[in-house]
Amino acid sequence: MIRLISLLMALLLVLPVSAFAAETLTIDESVTHQTIDSFGTSGAWWSQYVGLWDDKYQNTQVTNRSRIATLLYHPTYGIGLTNYRYNLGAGSADSGLGNYWDPNRRAQSFETAPGVYDFSKDEGAQWFLQEVTRLGCEEVVLFFNSPLERLTISGTAQVTPGAKKNIEPENYAEWAKYACDVTEYFLSQGVPVKFISPINEPQWDWTDGQEGCHYEPRQIAGVYLAFLEEMEKRPALAHVELSGPESGEWGGQTPEYVSALLSEKKLRDHFTAVDCHSYWSNTQSKVSFKNFMDVLYPEKKIRMSEWCEMVNGTDLTMDSAIHLAQCVQEDLTVLDAVSWCTWVGVSPGGYRDGLIHATENGTGEKSIVPLKRLWAYGNYTRYIRPGFVRVDANGAKSLDPVAFKGERDGKQQLVIVLINEAYATQKVNLAGDFSAYATMQVHETSTNRDLARTYNGAVKTEVSLPMQSVITIVLSE
């Protein structure tokens with residue numbers, strides 16, 4: 001069997017272009033689905049040090065930290081993200097308590113005493129927050145992994161092994177006050193905070209490794225009610241929403257967590273969407289969750305707020321990029337997700353998570369490597385903008401199609417993204433009414449190209465997808 005698989009793989013590598021018949025993709029703009037709010041990433045565990053990298057990038061006039069921010073958030077020279085998730089720490093970096101195998105997974109809080117704040121703390125992460133705001137980020141989420149250490153049962157930002165909670169209900173209000181004080185500060189600094197997220201992946205135990213807190217489904221409504229009651233006291237937070245329950249997967253206990261949240265009328269009236277993560281989730285679990293929401297909470301949107309591939313090893317190739325693109329496409333088409341975020345924007349390597357590798361050697365020299373994951377994500381994020389509406393894209397299932405329409409720079413656009421996972425060129429024939437469009441551009445991420453424009457001209461109906469590539473087709477008036 002192994003020998004047969006090897007022979008098949010070798011055959012795929014040498015198959016001519018004509019080995020696969022062209023597939024037909026039919027676009028029907030009259031059938032519409034969800035409207036996109038945002039694409040984004042998280043600044044956890046890297047922005048606190050990358051935000052301090054103010055030395056020059058490769059002897060240019062640009063700093064290393066600015067180069068990274070540009071790659072992630074600039075709409076022309078980067079991938080144009082519009083959502084940023086800022087980690088509000090529980091204070092483990094201040095106390096040194098708990099079991100952490102990587103010191104960068106610790107996080108500061110702004111407290112110096114209850115109700116007393118030092119907003120010069122977390123300097124690097126705050127620099128990055130301000131820079132992405134300047135570059136056009138429209139939607140900032142302030143998220144906790146754990147309550148403040150001083151409010152926890154264990155006295156740390158980690159759960160005691162065997163315990164099923166780490167904060168008592170009488171401390172919810174104090175925690176909410178801290179979160180709202182910090183939110184008001186960031187709003188005063190011009191940061192577009194749109195969401196506060198108190199809870200992260202409540203089903204896991206969180207006994208070591210990072211800040212975290214376990215909650216049973218019955219416990220979470222009390223947390224969110226305390227936060228909502230504090231937010232309602234503050235006119236400055238009138239347009240800030242809660243995000244949750246931030247469950248780690250679409251299957252498992254997630255329907256229980258969502259029901260626990262939305263069964264409370266006050267919370268149900270507040271929440272416009274539910275946020276969860278796509279870890280450990282197959283297509284069927286997503287279909288089941290979407291059916292659950294359609295039956296019980298059809299008016300609530302779905303946001304996918306965290307995902308990475310959860311695979312060890314550094315990958316600079318298209319392999320992990322294609323896996324990322326496939327997850328984006330599936331969540332957009334199966335869940336009707338209105339927002340989608342990767343787990344981290346930057347990582348040091350050794351895992352398939354970051355969009356950029358950023359490292360520093362013993363002499364202080366910085367290395368910044370934009371990954372294929374960055375550019376493949378950009379095939380969606382640079383062109384499918386907030387306010388774009390998904391339309392029907394039927395056929396060419398092997399190419400994982402998704403299509404959106406919207407207005408950009410005063411012109412109506414149709415954006416189609418396709419994935420060719422095969423080790424051979426594939427062709428697609430576009431079908432539909434494209435008479436409203438005068439021009440077409442094709443943008444390619446592949447082994448040899450990083451979101452490069454490969455076609456700019458009149459609208460055509462046949463497009464080639466090189467082997468192992470993600471392609472964006474933009475039709476414009």
Side-chain angles (χ1 to χ4, degrees), residues 40-60 62-73 78-79 81 84-90 92-93 96 98-108 122-129 131-132 143 145 157-158 200-201 206 208-212 277 279 306-324 327 341-378 450:
T41 193
S42 159
W45 306 344
W46 58 269
S47 62
Q48 67 268 33
Y49 62 88
V50 167
L52 300 175
W53 287 6
D54 57 358
D55 51 332
K56 302 302 182 184
Y57 169 72
Q58 294 185 352
N59 298 317
T60 68
V62 177
T63 62
N64 279 292
R65 63 187 182 182
S66 293
R67 170 65 174 162
I68 290 171
T70 295
L71 285 168
L72 292 170
Y73 284 87
I79 65 170
L81 300 180
Y84 183 65
R85 294 174 58 82
Y86 181 96
N87 182 206
L88 288 180
S92 60
N99 180 17
Y100 297 76
W101 54 81
D102 179 354
N104 288 321
R105 293 190 176 197
R106 295 183 178 274
Q108 293 182 315
D122 210 17
E123 177 187 357
Q126 285 205 67
W127 181 91
F128 209 88
L129 178 63
E131 182 66 3
V132 301
F143 76 98
N145 287 319
Q158 295 172 341
N200 175 68
E201 299 178 353
W206 301 121
D208 60 11
Q210 67 169 78
E211 293 186 347
H277 305 168
Y279 298 116
E306 188 179 312
W307 180 85
C308 72
E309 197 179 347
M310 301 292 272
V311 174
N312 284 315
T314 297
D315 179 55
L316 307 178
T317 74
M318 283 300 298
D319 186 67
S320 61
I322 285 174
H323 282 293
L324 184 150
C327 189
C341 291
T342 69
W343 162 220
V344 289
V346 178
S347 66
Y351 207 70
R352 294 191 180 203
D353 52 3
L355 303 173
I356 300 168
H357 281 168
T359 57
E360 183 176 5
N361 65 19
T363 64
E365 183 180 2
K366 313 296 192 306
S367 173
I368 297 171
V369 180
L371 304 173
K372 292 298 180 181
R373 289 194 292 271
L374 174 80
W375 304 118
Y377 192 28
D450 296 330

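- Taking the six-membered ring wherever Trp is involved, the centroid distance between the rings of F128 and W46 falls below 6.0 Å.
- Within the 3.5 Å criterion, the main-chain N or O of Q158 finds no donor-acceptor partner in the side chain of E211.
- Between the side chain of R106 and the backbone N or O of A93, no donor-acceptor pair lies under 3.5 Å.
- Within the model, atoms CD1 of I368 and CD1 of I356 stand 7.5 Å from one another, a figure rounded to the nearest 0.5 Å.
- We find the CG-OG distance between L129 and S47 to be 8.5 Å, quoted to the nearest 0.5 Å.
- Closest of all the heavy-atom pairs between L81 and Y73 is O-CD2, 3.0 Å.
- Remark: N87 CG to F143 CZ distance equals 4.0 Å, nearest 0.5 Å.
- Taking each heavy atom of T359 and P348 in turn, the nearest pair found is CG2-O, 3.4 Å.
- Contact of the C308 side chain with the Y279 side chain is registered, since non-hydrogen atoms from C-beta on lie closer than 4.5 Å.
- Below 30°, between 30° and 60°, or above 60°: for W53 and Y49 the angle between ring planes is between 30° and 60°, a tilted geometry.
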- request: Would you please test D122 and Q126 for side chain to side chain donor-acceptor pair (under 3.5 Å) and show each step?
  value: CA-CA 6 Å; D122 210 17; Q126 285 205 67; over 6 Å; no

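- Qualifying ring-ring contact (aromatic ring centres under 6.0 Å, His included) partners for Y377, counting only residues two or more places apart in sequence or in other chains: W340.
- Shortest non-hydrogen contact noted between L72 and I79 is O-CG1, 3.4 Å.
- Considering every non-hydrogen atom in both G89 and A107, the closest pair reads CA-CB, 3.5 Å.
- The shortest heavy-atom contact between V344 and A44 is CG1-O, 3.7 Å.
- Every pair passing salt bridge (charged side-chain N to carboxylate O under 4.0 Å, His left out) that includes a residue from residues 306-315 is listed here, sequence neighbours excluded: E309-R352.
- Ion pairing between K372 and D450 holds under the 4.0 Å rule for side-chain N and carboxylate O.
- With values rounded to the nearest 0.5 angstrom, R85 atom CZ is found 8.0 Å from W343 atom CH2.
- By the 4.5 Å heavy-atom criterion applied to side chains, W206 and E201 are counted as neighbours.
- Of all the heavy atoms in Y100 and R105, the pair that sits closest is CE2-O, 3.9 Å.
- For N64 (side chain) and K56 (main-chain N/O), a donor-acceptor pair under 3.5 Å exists by modelled atom type.
- Heavy-atom contacts from other residues, nucleotides or ligands closer than 6.0 Å to CD of E360 number more than 12.
- Between the side chains of T317 and D319, no donor-acceptor pair of N or O atoms lies under 3.5 Å.
- Of the possible donor and acceptor atoms, one in the side chain of Q48 sits under 3.5 Å from a partner among the backbone N and O of N104.
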